[in-house]
Trainee: 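Take this structure first; my questions come after.
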Amino acid sequence: MKDTCLMLRMIAVALLLGGSFAAAQGVTTSGSGVSVRALDKLTGKVRDFDIADRQSKTVGRITITANECRYPQGNPAGDAYASLTIDEIGKATPAFQGWMIASSPALNAMDHQRYDVWVLRCTTS
């Protein structure tokens, strides 16, 4: 329910701002995973990697789990949006849980003192 409400808010904001949010463009397709970029603000190291749906990748002290990735039907390079859960080692609650939009990473960004994570695109194979 919480994810549905968040998704509806993001769609409304995208429509009001005239953005190209995938759901506002029409029919979407689910990818097989997501490509993300992670920045360690302490070391300045940037890493790009793919995570399959329902799989996780650990980077430093965070673990990124890809729940789902969607993109405009027929355009896998289009405006992707992905549901992610990002946990930090030793913390009981996730550092981030929700949808990130590739074209607007600041719209629903992870607020973390050391790491930045954002969606690049969906993977299709």
Trainee: Strictly by modelled atom types, are Thr85 and Asn67 linked by a side-chain donor-acceptor pair under 3.5 Å?
Mentor: yes

Trainee: Would you name the heavy atoms of Gln113 and Glu88 that are closest together and state the gap between them?
Mentor: NE2-OE2, 4.5 Å

Trainee: I need the minimum non-hydrogen distance between Trp118 and Pro105, along with the two atoms involved.
Mentor: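 Heavy-atom minimum between the residues: CB-CB, 3.9 Å.
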
Trainee: Taking the side chain from Ser32 and the backbone from Thr123, do they hold a donor-acceptor pair closer than 3.5 Å?
Mentor: yes

Trainee: Enter the distance from Met100:CE to Ser83:OG here, rounded to the nearest 0.5 Å.
Mentor: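 Here the rounded value is 10.0 Å.
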
Trainee: Atom OG of Ser56 and atom CD1 of Ile62: how far apart are they, to the nearest 0.5 Å?
Mentor: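 Here the interatomic distance stands at 11.5 Å.
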
Trainee: For the residue pair Trp99 and Val119, establish whether any side-chain heavy-atom pair is separated by less than 4.5 Å.
Mentor: no

Trainee: Look at the side-chain heavy atoms of Ile, Leu, Val, Met, Phe, Trp and Tyr, link any pair under 4.5 Å apart, and say whether Phe49 and Val34 land in one connected group.
Mentor: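 Looking at the clustering, Val34 is in the same group as Phe49.
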
Trainee: Shortest non-hydrogen contact from Ala82 to Cys69?
Mentor: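 Reported closest heavy-atom pair: CB-SG, 4.0 Å.
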
Trainee: Any chain of hydrophobic side-chain contacts (each under 4.5 Å) joining Leu120 to Val117?
Mentor: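 Different clusters.
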
Trainee: Mind checking whether Ile101 and Asp79 have side chains closer than 4.5 Å, heavy atoms only?
Mentor: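 Side-chain contact under 4.5 Å: yes.
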
Trainee: Shortest non-hydrogen contact from Cys122 to Gly31?
Mentor: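 Residues Cys122 and Gly31, closest heavy atoms: CB-CA, 4.4 Å.
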
Trainee: List the steps, then state whether side chain to side chain contact (heavy atoms under 4.5 Å, CB included) holds for Asn108 with Phe96.
Mentor: CA-CA 10 Å; Asn108 193 30; Phe96 178 86; 3.8 Å; yes

Trainee: Output the distance between atom NZ (Lys57) and atom OG1 (Thr65), rounded to the nearest 0.5 Å.
Mentor: 12.5 Å

Trainee: For the CG atom on Asp111, are there more than 12 heavy atoms of other groups (residues, nucleotides or ligands in this structure) within a distance under 6.0 Å?
Mentor: no

Trainee: Linking Ile, Leu, Val, Met, Phe, Trp and Tyr by side-chain heavy atoms under 4.5 Å, what else ends up with Ile89?
Mentor: none

Trainee: As an exercise, state the distance from CZ of Arg37 to CG of Asp48, rounded to the nearest 0.5 Å.
Mentor: 4.0 Å

Trainee: Would a 4.5 Å heavy-atom cut-off, applied to side chains only, mark His112 and Arg61 as touching?
Mentor: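 Heavy-atom side-chain distance check fails, nothing below 4.5 Å.
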
Trainee: What's the spacing between Arg114 CZ and Asp40 CG if we round to 0.5 Å?
Mentor: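 Between atom CZ of Arg114 and atom CG of Asp40 there are 4.0 Å.
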
Trainee: At what distance, to the nearest 0.5 angstrom, does CG of Leu39 lie from NZ of Lys45?
Mentor: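 Output value for this atom pair is 12.0 Å.
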
Trainee: Does the side chain of Thr29 come within less than 4.5 Å of Gln73's, by heavy atoms?
Mentor: yes

Trainee: Give a yes or no answer on whether the side chain of Tyr115 reaches the backbone of Met110 with a donor-acceptor pair at less than 3.5 Å.
Mentor: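 No; zero donor-acceptor contacts below 3.5 Å.
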
